[in-house]
Engineer: 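What follows is a single structure, and I will ask about it in a moment.
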Protein chains: 2
Amino acid sequence: MSFDKILSLKGRILLYLADRGAFTDVIELSTIKLARDLGISQQSASRLLIELEGEKLIERRDLGRTRGVRLTEDALKILLEMHAHLKNIFEKPAELSLEGRVFTGFGEGAYYTQIPHYVKEFEEKLGFKPYPGTLNIRLIRHDDLLKRMILERAADIVIEGFSDGRRAYGGARCIFAKLNGEDVVIIFIDRTHYSKDVIEVIAPICLREKLKLSDGDRVRLTVKLNPTYLIRC
Amino acid sequence: MSFDKILSLKGRILLYLADRGAFTDVIELSTIKLARDLGISQQSASRLLIELEGEKLIERRDLGRTRGVRLTEDALKILLEMHAHLKNIFEKPAELSLEGRVFTGFGEGAYYTQIPHYVKEFEEKLGFKPYPGTLNIRLIRHDDLLKRMILERAADIVIEGFSDGRRAYGGARCIFAKLNGEDVVIIFIDRTHYSKDVIEVIAPICLREKLKLSDGDRVRLTVKLNPTYLIRC
DNA sequence: ATTACTATTTCCCGAGTAA
DNA sequence: TTTACTCGGGAAATAGTAA
């Protein structure tokens, strides 16, 4: 397993036993089999089992001609604590923070955010009717470009594209965020004209007014998301 | 942390970094601080960071006068895999299996299972009207007595007691199970007259008839439950 | 077959210290 | 201050082998 390198040999043995259900039942296990399965010597397997028994992490008993092992409550507690710890890291929302400067775009945002199809989609999926137009933010720091890629992957609210017979209108993906503390939605438009250092934001209100923003002002975007998304692309 | 003993030092460092959010941001970290926090020497901290960098599990960079570290995607994958593995062990339903012999009890079961208050509770909480009477099973193996204790803790369907003014009727705790493949409910009666080697079972049908059971017949009870319950008492 | 002892080797931690 | 080198000692792995 790829995570063997972060475990001690004793840890690998406890996990090996847990995998085989040795917290309810005594399982049959010879030092030779354990050694083979873990890629260590039989001698080490023997020594480690003796040590683990001394540390009250396993119990061993004779089962007729073979020997049985099971985890103790202490060992189970250790594994459960490890589990709880990793859960805490990977299943708790983390916050991603990006910084950029407001700029005036091509003016397309105002057009698209008023197309009835999109308005309906926004209302259904975001819960509000967007103020016409998008606020454009140009990222400053290089690290934030990476974060933008992460966000693009994490944005899981899908706005469907459509066609009116004359032309096709593309889709987009959204994610909720805060901009200087104000609730906003970051929108990643499928076929945007902007480069990868730009983030577009919509909100139910006029952000420029509410936050008194002018071109060149620095703004901070924060997004809460599950750290599982943070695997870099 | 109690789980330090199952981790290698490199594992502890990766977890240390993950705890501090070093999968999104570069964090400031001196070898001295790391050494102090992990209870190892500065020299070891230095060596381990160099090795981890060589293994492409961390990236280091100069931040002006201090040094920054962050986890690589590879390291994140390892931690996530560990997390997924423990999830699989502890959050997947496991099966507990017990064996015993049918015996005829004091006949109280038939009385209690027909009391309107209990019938109503059963129907609401178990989804069926029980066939009058409980099937009594005496456990055979010593290990199964332990499993009975686990089950008693895991039984989380609560049947409330009541009083009719003349006397008090006790409550019980239930858990769904299979008896020789048939859907049943194990019922742990709060103030039972039976000893700890007895399990009582109710079902919507007459189990003795359906499964052609007589006193002394061996039956197998299986219960699916979340392994978190398997922490022995 | 198995387990586990003793002997040997390998590897890793930490002290000393240079840059 | 900091990091990271060399090196000595001890822990931990394997080899050999007895029971």
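Treat the numbers as computed from the prediction; the structure is a model and nothing was measured. Excluded from the calculations below are hydrogen atoms, water molecules and symmetry mates; all remaining heavy atoms, backbone and side chain alike, are included. Residue numbers start from 1 in every chain, and the chains themselves are labelled A, B, ... in the order their sequence lines are given, proteins ahead of strands.
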Engineer: Roughly how many Å is it from NZ in B:Lys5 to P in D:dA12, rounded to a whole number?
Structural biologist: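 One finds 13 Å between P of D:dA12 and NZ of B:Lys5, rounded.
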
Engineer: Check for me whether A:Arg12 meets the cation-pi criterion with A:Tyr16, that is, NZ or CZ under 6.0 Å from the six-membered ring centre and within 45 degrees of the ring axis.
Structural biologist: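 Here A:Arg12 fails the 6.0 Å and 45° test against A:Tyr16.
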
Engineer: Within this structure, what is the CZ-to-P distance between B:Arg61 and D:dT3, rounded to whole angstrom?
Structural biologist: 17 Å

Engineer: In whole Å, what is the span from the CG atom of A:Leu9 to the P atom of C:dC12?
Structural biologist: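 About 11 Å, once rounded to whole Å.
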
Engineer: Let me know the distance between CD1 of A:Ile32 and P of D:dT17, rounded to the nearest Å.
Structural biologist: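 A:Ile32 atom CD1 is separated from D:dT17 atom P by 17 Å.
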
Engineer: Supply the atom-to-atom distance A:Ile189 CD1 to A:Glu200 CD, rounded to the nearest 0.5 angstrom.
Structural biologist: 4.0 Å

Engineer: Can B:Ser2 and A:Glu81 be counted as having a side-chain donor-acceptor contact under 3.5 angstrom?
Structural biologist: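 Yes - a donor-acceptor pair under 3.5 Å links their side chains.
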
Engineer: Please list, by residue number, the residues of residues 40-50 of chain B whose heavy atoms come closer than 4.0 Å to an atom of DNA chain D; answer none if no residue qualifies.
Structural biologist: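 Going residue by residue through residues 40-50 of chain B, the ones with a heavy atom under 4.0 Å of DNA chain D turn out to be B:Gln42, B:Gln43, B:Ser46, B:Ile50.
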
Engineer: For A:Leu86 and B:Leu15: C-alpha separation, side-chain torsions, deciding distance, then whether side-chain contact (heavy atoms from CB on, under 4.5 Å) applies.
Structural biologist: CA-CA 9 Å; A:Leu86 286 169; B:Leu15 206 62; 3.7 Å; yes

Engineer: Want to settle it: does A:Gly39 or B:Thr31 sit nearer the 5' end of DNA chain D, counting the closest nucleotide to each?
Structural biologist: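 Whichever sits nearer the 5' end wins; that is B:Thr31.
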
Engineer: Applying salt bridge (charged side-chain N to carboxylate O under 4.0 Å, His left out) to A:Glu182 and A:Lys210, what does each step give before you reach the verdict?
Structural biologist: CA-CA 9 Å; A:Glu182 197 68 33; A:Lys210 178 75 187 292; 3.2 Å; yes

Engineer: Quick one: A:Leu52 CG to C:dT3 P, roughly how many Å, whole number?
Structural biologist: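 Rounding to the nearest Å, CG of A:Leu52 and P of C:dT3 are 15 Å apart.
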
Engineer: For the side-chain contact (heavy atoms from CB on, under 4.5 Å) test, which of B:Thr104, B:Leu211, B:Leu213 pairs with B:Leu135?
Structural biologist: B:Leu213

Engineer: How about NZ on A:Lys125, more than 12 heavy atoms from neighbouring residues, nucleotides or ligands closer than 6.0 Å, or not?
Structural biologist: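 Yes.
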
Engineer: Mind listing the closest non-hydrogen atom pair of B:Leu14 and B:Leu79 along with its distance?
Structural biologist: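 Closest approach of B:Leu14 to B:Leu79, heavy atoms only: O-CD1, 4.0 Å.
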
Engineer: Any side-chain N or O of A:Arg60 less than 4.0 Å from the OP1 or OP2 oxygen of C:dA4?
Structural biologist: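 So the side-chain polar atoms of A:Arg60 do come within 4.0 Å of the phosphate oxygens OP1 or OP2 of C:dA4, strictly under.
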
Engineer: Using whole Å, what does the distance between atom P of nucleotide C:dC12 and atom CG of B:Leu7 come to?
Structural biologist: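 So the CG-P distance, B:Leu7 to C:dC12, works out to 17 Å.
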
Engineer: Angle between the two end axes of the helix from C:dT2-D:dA19 to C:dA19-D:dT2, five base pairs per end, rounded to 10 degrees?
Structural biologist: 30°

Engineer: In whole Å, I'd like the distance from the CG atom of A:Leu34 to the C1' atom of C:dT2.
Structural biologist: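 Distance check: A:Leu34 CG to C:dT2 C1' gives 14 Å.
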
Engineer: Let me confirm one number: the NZ-CD distance from A:Lys87 to B:Glu91, rounded to the nearest 0.5 Å.
Structural biologist: 3.5 Å

Engineer: Tell me the interatomic distance from B:Leu38, atom CG, to C:dC12, atom C1', rounded to whole angstroms.
Structural biologist: 16 Å

